[in-house]
Structure formats: structure tokens, C-alpha cells
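Read the structure below first, then the notes.
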Amino acid sequence: MFMSNTFKSLAVVVLCAVITTGAQSLPANCSRTYTVQPEDFCDKISAAQNASTYQLATVNSGIIDPLCDNLFVGEVICLGIKGQDCDTVQVVQTGDGCPAIASQAGISLADLLTDNPNVNAACTNIYPGEVLCVAPVADPATAV
């Protein structure tokens with residue numbers, strides 16, 4: 001197969017751009033990491049690694065795009081930030097609502113909404129497969 005020098009040069013530039021895009025640095029205070037595997041997507045990673053979908057997107061905002069369609073195999077991403085890493089999660093099932101999710105997790109609805117600032121107060125923007133943080137929120141008045 002014949003390949004012109006121009007095409008070869010373009011292929012090298014594109015490959016370098018892909019490699020450079022993936023070489024973004026992780027947050028310095030990253031508490032745990034994950035290496036992307038074949039067929040991974042954000043909700044799958046979140047569920048398997050106990051990191052909420054929101055947390056995964058937030059801590060990797062400079063790496064993962066909002067649609068989470070730019071992951072590549074071998075890429076290392078951050079799962080949580082030291083001191084803010086929620087690893088108590090629940091995957092939203094079809095028909096779930098926030099009150100039921102909070103009740104199943106043994107937390108208040110207020111805690112669920114605090115844990116997941118991406119969820120609106122009416123809880124109308126959650127979807128099946130989304131991974132929510134369901135950790136109790138510490139009361140600053142009683143924290144030691």
C-alpha cells in the first residue's frame with residue numbers, strides 16, 4: 001500500500017495529538033487512581049470503583065469531557081480527592097427516586113443531595129446507571 005509522505009506526517013501529528021491529549025496530569029491530591037480498560041465508560045468505572053459519577057467527572061474535569069466519550073485504554077484517571085473522596089455509592093435503578101435511594105442507604109434525603117450537588121432538589125435529573133454517593137454527611141457541630 002502506497003502512503004504519501006504528507007499522509008505519513010499527518011498520521012504522526014494526529015497520533016501525537018491523541019497521546020498528548022491523554023497525558024493530562026492528575027490532581028496532586030488524588031487519593032486513588034484507575035487505569036481505563038477496554039469497553040469502559042464513566043458509569044461503569046464509577047460503579048466498579050465505588051466513585052460517584054459526579055465525583056469522577058468533577059475530579060477529572062480537565063481530562064474527561066462532559067459526555068465521557070473521550071476515554072482511551074491505558075489512560076490513568078483520578079477516582080477521588082483526599083478528604084473529599086466518597087466511596088460509599090449506590091447505582092440508580094429504573095424507577096428509583098431520591099427518597100428511596102436515601103432510605104435504602106440509611107441516610108437522609110438532605111445528605112443524599114449534599115453528597116450529589118449535581119442532583120436537583122426534585123431529583124428529576126437522575127438516570128438508571130448513574131452512581132450516587134450515599135455517605136452520611138458529618139455534622140460540623142458534632143465533628144471531633
Side-chain angles (χ1 to χ4, degrees), residues 3 6-144:
M3 232 192 266
T6 303
F7 182 76
K8 286 179 187 175
S9 296
L10 180 60
V12 170
V13 169
V14 170
L15 180 59
C16 288
V18 169
I19 291 169
T20 302
T21 302
Q24 305 255 348
S25 62
L26 297 176
N29 54 351
C30 183
S31 60
R32 51 194 177 116
T33 61
Y34 175 78
T35 302
V36 176
Q37 303 298 309
E39 300 181 25
D40 271 348
F41 54 93
C42 285
D43 287 339
K44 178 181 178 183
I45 294 168
S46 291
Q49 299 301 313
N50 295 322
S52 76
T53 302
Y54 173 79
Q55 178 173 294
L56 185 70
T58 302
V59 300
N60 293 288
S61 63
I63 299 170
I64 301 173
D65 69 17
L67 297 177
C68 190
D69 60 4
N70 66 331
L71 294 174
F72 65 90
V73 175
E75 177 176 27
V76 177
I77 57 175
C78 183
L79 296 173
I81 299 293
K82 291 176 185 166
Q84 301 172 2
D85 186 0
C86 177
D87 62 1
T88 306
V89 298
Q90 186 166 329
V91 179
V92 176
Q93 304 298 315
T94 302
D96 277 354
C98 287
I101 293 168
S103 177
Q104 289 172 344
I107 63 172
S108 69
L109 179 58
D111 281 358
L112 181 70
L113 295 174
T114 299
D115 284 341
N116 301 282
N118 58 311
V119 177
N120 64 36
C123 198
T124 57
N125 63 333
I126 62 172
Y127 59 88
E130 181 175 9
V131 182
L132 299 177
C133 175
V134 292
V137 175
D139 180 355
T142 59
V144 178

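Numbering starts at 1 and runs along the sequence shown.
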Over all heavy atoms of both residues, which pair between Arg32 and Asn50 is shortest? Give the atoms and the distance, please. NH2-O, 2.7 Å
Atom pair CG/SG of Leu79 and Cys30 - distance to nearest 0.5 Å: 6.5 Å
Distance (rounded to the nearest 0.5 Å) between Ile77 CD1 and Ile64 CD1: 4.5 Å
Before you tell me yes or no, could you show the steps for Glu75 and Asn60 under side-chain hydrogen bond (donor to acceptor under 3.5 Å, both in side chains), namely the whole-Å CA-CA distance, both residues' side-chain angles and the distance that decides it to 0.1 Å? CA-CA 12 Å; Glu75 177 176 27; Asn60 293 288; over 6 Å; no
Check the pair Ile101, Ile126 against side chain to side chain contact (heavy atoms under 4.5 Å, CB included), reporting the backbone distance first and the verdict last. CA-CA 11 Å; Ile101 293 168; Ile126 62 172; 3.9 Å; yes
So NZ of Lys44 and CD of Gln49: to nearest 0.5 Å the spacing works out to 11.0 Å
Which pair of non-hydrogen atoms, one from Asp40 and one from Tyr34, has the smallest distance, and what is that distance? OD2-OH, 2.7 Å
Donor-acceptor pair, Gln37 side chain versus Thr35 backbone, under 3.5 Å? yes
What is the minimum heavy-atom distance between Asn120 and Leu113, and which atoms define it? O-CD2, 3.8 Å
Give the minimum heavy-atom separation between Leu109 and Cys98, together with the two atoms involved. CD1-CB, 3.5 Å
Measuring only between side-chain heavy atoms, which start at C-beta, is Ser52 closer than 4.5 Å to Cys86? no
Closest non-hydrogen atom pair between Asn70 and Ile63, with its separation: ND2-O, 3.0 Å
Ser31 side-chain N/O to Gly80 backbone N/O, donor-acceptor pair under 3.5 Å: yes
Nearest-0.5 Å distance that lies between atom CG in Asp115 and atom CD in Gln90: 12.0 Å
Just how far is it from atom CG of Leu132 to atom OG1 of Thr88, taken to the nearest 0.5 Å? 12.5 Å
Please assess Leu26 against Val59 for the test side chain to side chain contact (heavy atoms under 4.5 Å, CB included), listing each intermediate value before the final yes or no. CA-CA 8 Å; Leu26 297 176; Val59 300; over 6 Å; no
Are the side chain of Asp65 and the backbone of Asp69 linked by a donor-acceptor contact shorter than 3.5 Å? yes
Side chain proximity check, Val89 to Ser46, heavy atoms < 4.5 angstrom: no
Spell out, as yes or no, whether a donor-acceptor pair under 3.5 Å connects the side chain of Asn116 to the backbone of Cys133. yes
Would a distance-only check, ignoring hydrogens and angles, find a side-chain to backbone donor-acceptor pair under 3.5 Å from Asp111 to Pro136? no
Minimum heavy-atom separation for Ala47 to Val91, with atom names? CB-CG2, 3.7 Å
At what distance, to the nearest 0.5 angstrom, does CD of Gln55 lie from CG of Asn118? 11.0 Å
